There are 2 protein chains.
Amino acid sequence: MTTANINNWKAVEAEVLSRIHSRQWEPGQLIPNESDLALEFGCARATVNRALRSVAESGLLDRKRKAGTRVATNPVRKATLSIPVIREEIESRNQTYSYAVFSSKIEEPPLHIRANMRLNSSERLLHHQSVHIADGKPYVISDRWINLEAVPDIAHVDFSRVSANEWLVANAPFTNGDIAFSATIANDSIAERLGIKGGEALFAIDRTTWNNDTAITAVSLVFHPGYQMRTVV
Amino acid sequence: MTTANINNWKAVEAEVLSRIHSRQWEPGQLIPNESDLALEFGCARATVNRALRSVAESGLLDRKRKAGTRVATNPVRKATLSIPVIREEIESRNQTYSYAVFSSKIEEPPLHIRANMRLNSSERLLHHQSVHIADGKPYVISDRWINLEAVPDIAHVDFSRVSANEWLVANAPFTNGDIAFSATIANDSIAERLGIKGGEALFAIDRTTWNNDTAITAVSLVFHPGYQMRTVV
DNA sequence: AGTCTTAATATGTACAGACATATACATATT
DNA sequence: AATATGTATATGTCTGTACATATTAAGACT
């Protein structure tokens, strides 16, 4: 059976998704191989391959060489969330952005930071604390440690003009990073810097970025009460 | 100048990433076009295309027809986080998984749920409250509303045998969904169901899934204290 | 100067054919 | 019975060519 021309990979993808959603192909079921589908759709195998790879990336198909392609039984949906550049996030809401530094000095880091950044004891770290402000109200506070060995240039940056984050993304490209999302309670120092009462539940992001095996920076972001991070699957 | 053989797309990708990280190609800079790179690397243009598309997907390159490919100035890093199937998350830590239902009955939903699911007033909703347990300790509580019009079969499911979530992922495939991550404070009812004291900050996920324009289910997950959701970029 | 048309160009995609590679399954060996 | 080896197969990828499409830039025409 040769279906009407499905001769581009987006069309193949749509057809495949439709068959999965309509349960014509049920969860766990082995679907026809690429060559057969190419024949059925009247297109090249490469086109089917492109489409199936795309669907597999989204988690709806499991593919294995020789074993074939089957519909995922419990599709692990992958949400891609773009890590916000705070200023852009605020400006995209048509709010005015500003930024203030609480302190910025070279300090001995606490143990958990040193462990997290996998440092030996020799590195000098810049401890940088600041707040991003939307329409005059504290939006998120940032508590950052920067490895001066990894980015010596940062010692001469004027942080009244550009935020540490933006300087770093522009000047210290990283190869990889890890992120943890969590909830934290507003203690006195957090509450004061966010201009709120203590005891509230706050959304927090902890991120460490690396240049290969060298830690560049570890930052802890604590958002204002009620903040939600949203995305789609 | 023809570099030594870089004749597969992973190698091209690695070379491109290396040039970006080493700042041989600086942020904002226009990189050579696909044909030139293919010539330089000694491979086909399609191979370069595959690699550049991959790098662009990760956010490090901006590509535009005719305009060419340039290094992203502020790379919006995309973190892909796989939405956890709770049972698997627990079992992957070698903890024993169990599951208990607090209540499961057809109810009139509160307004914000109805709005969120974009329902008119006629639909009947199943309100399902449960807890997922790891090694005997409450791991996450789930407060779920299910649109019976969208999945009538669920009325006959025995939730003592399979969790609502797992039944739904297996039997009610969705086309899209939206997710919000936030922090919430443990009120009395949450604290009781999680077996903790009130007042703690808890990580929460709110997810609504759709079959095209029909809402299938809206679920609110509230995790045990200290829970972190982790990923990499 | 301003607007429309046209050509040039870089990426996007399709195709057929080929080879590479992982691996399930069958068969042979210990 | 357990282990090693071989083979068939489905996906993974590369190549070279071709055409599609978006978009910039130049040129023609008000």
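Nothing here was measured: the structure is a model prediction, and the numbers come from that model. Chain letters run A, B, ... following the sequence lines, proteins first and then strands; every chain starts at 1.
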Exercise. Is A/R50 touching bases, backbone alone, or none of the nucleic acid, heavy atoms closer than 4.0 Å?
Worked result: sugar-phosphate
Exercise. NA contact type, A/S35, heavy-atom cut-off 4.0 Å: base, sugar-phosphate, or nothing?
Worked result: nothing
Between [N] atom [atom2] and [X] atom [atom1], what is the distance in whole Å?
X: A/L61; N: D/dA10; atom1: CG; atom2: P; result: 16 Å
X: B/F41; N: D/dT13; atom1: CZ; atom2: P; result: 18 Å
X: A/L39; N: D/dA10; atom1: CG; atom2: C1'; result: 16 Å
X: B/R53; N: C/dA14; atom1: CZ; atom2: P; result: 10 Å
X: B/L37; N: C/dT11; atom1: CG; atom2: P; result: 8 Å
X: B/I6; N: D/dT13; atom1: CD1; atom2: P; result: 17 Å
X: A/N8; N: D/dA20; atom1: CG; atom2: C1'; result: 11 Å
X: A/E34; N: C/dA18; atom1: CD; atom2: C1'; result: 15 Å

Problem set entry | Base of D/dT13 paired with side chain of A/R45 (donor-acceptor, under 3.5 Å) | yes
Exercise. Can you check whether A/S18's main-chain N or O pairs, donor with acceptor, with A/S22's side chain at less than 3.5 Å?
Worked result: yes
Exercise. Under the salt bridge (Lys or Arg N to Asp or Glu O under 4.0 Å) criterion, do B/R19 and B/E40 qualify, and how do the steps go?
Worked result: CA-CA 14 Å; B/R19 290 189 184 184; B/E40 182 188 342; 2.7 Å; yes
Problem set entry | ring pair (Phe, Tyr, Trp, His ring centres under 6.0 Å) partners for A/Y99, two or more places apart | A/H132
Do the side-chain N or O atoms of [X] get closer than 4.0 angstrom to the phosphate oxygens (OP1, OP2) of [N]?
X: A/T69; N: D/dT11; value: yes
X: A/N49; N: D/dG12; value: yes
X: B/N7; N: D/dC14; value: no

Problem set entry | Among A/L125, A/T217, A/L126, the one residue meeting side chain to side chain contact (heavy atoms under 4.5 Å, CB included) with A/W145 | A/L125
Using the 3.5 Å cut-off, write out each protein N or O paired with an N or O of nucleotides 5-9 of chain C and the distance between them.
{"from": "C/dT9", "atom 1": "O4'", "to": "B/K66", "atom 2": "NZ", "distance (Å)": "3.4"}

Exercise. If you measure from OG1 on A/T175 to CG on A/N211, what distance do you get to the nearest 0.5 Å?
Worked result: 5.0 Å
Exercise. Are any of the side-chain heavy atoms of B/R144 and B/I146 separated by less than 4.5 Å?
Worked result: yes
Exercise. Any chance the side chains of B/R63 and B/T69 put a donor and an acceptor closer than 3.5 Å?
Worked result: yes
Seminar exercise, completed: Under a 3.5 Å limit on both distances, the Watson-Crick or wobble mate of C/dT30 is D/dA1
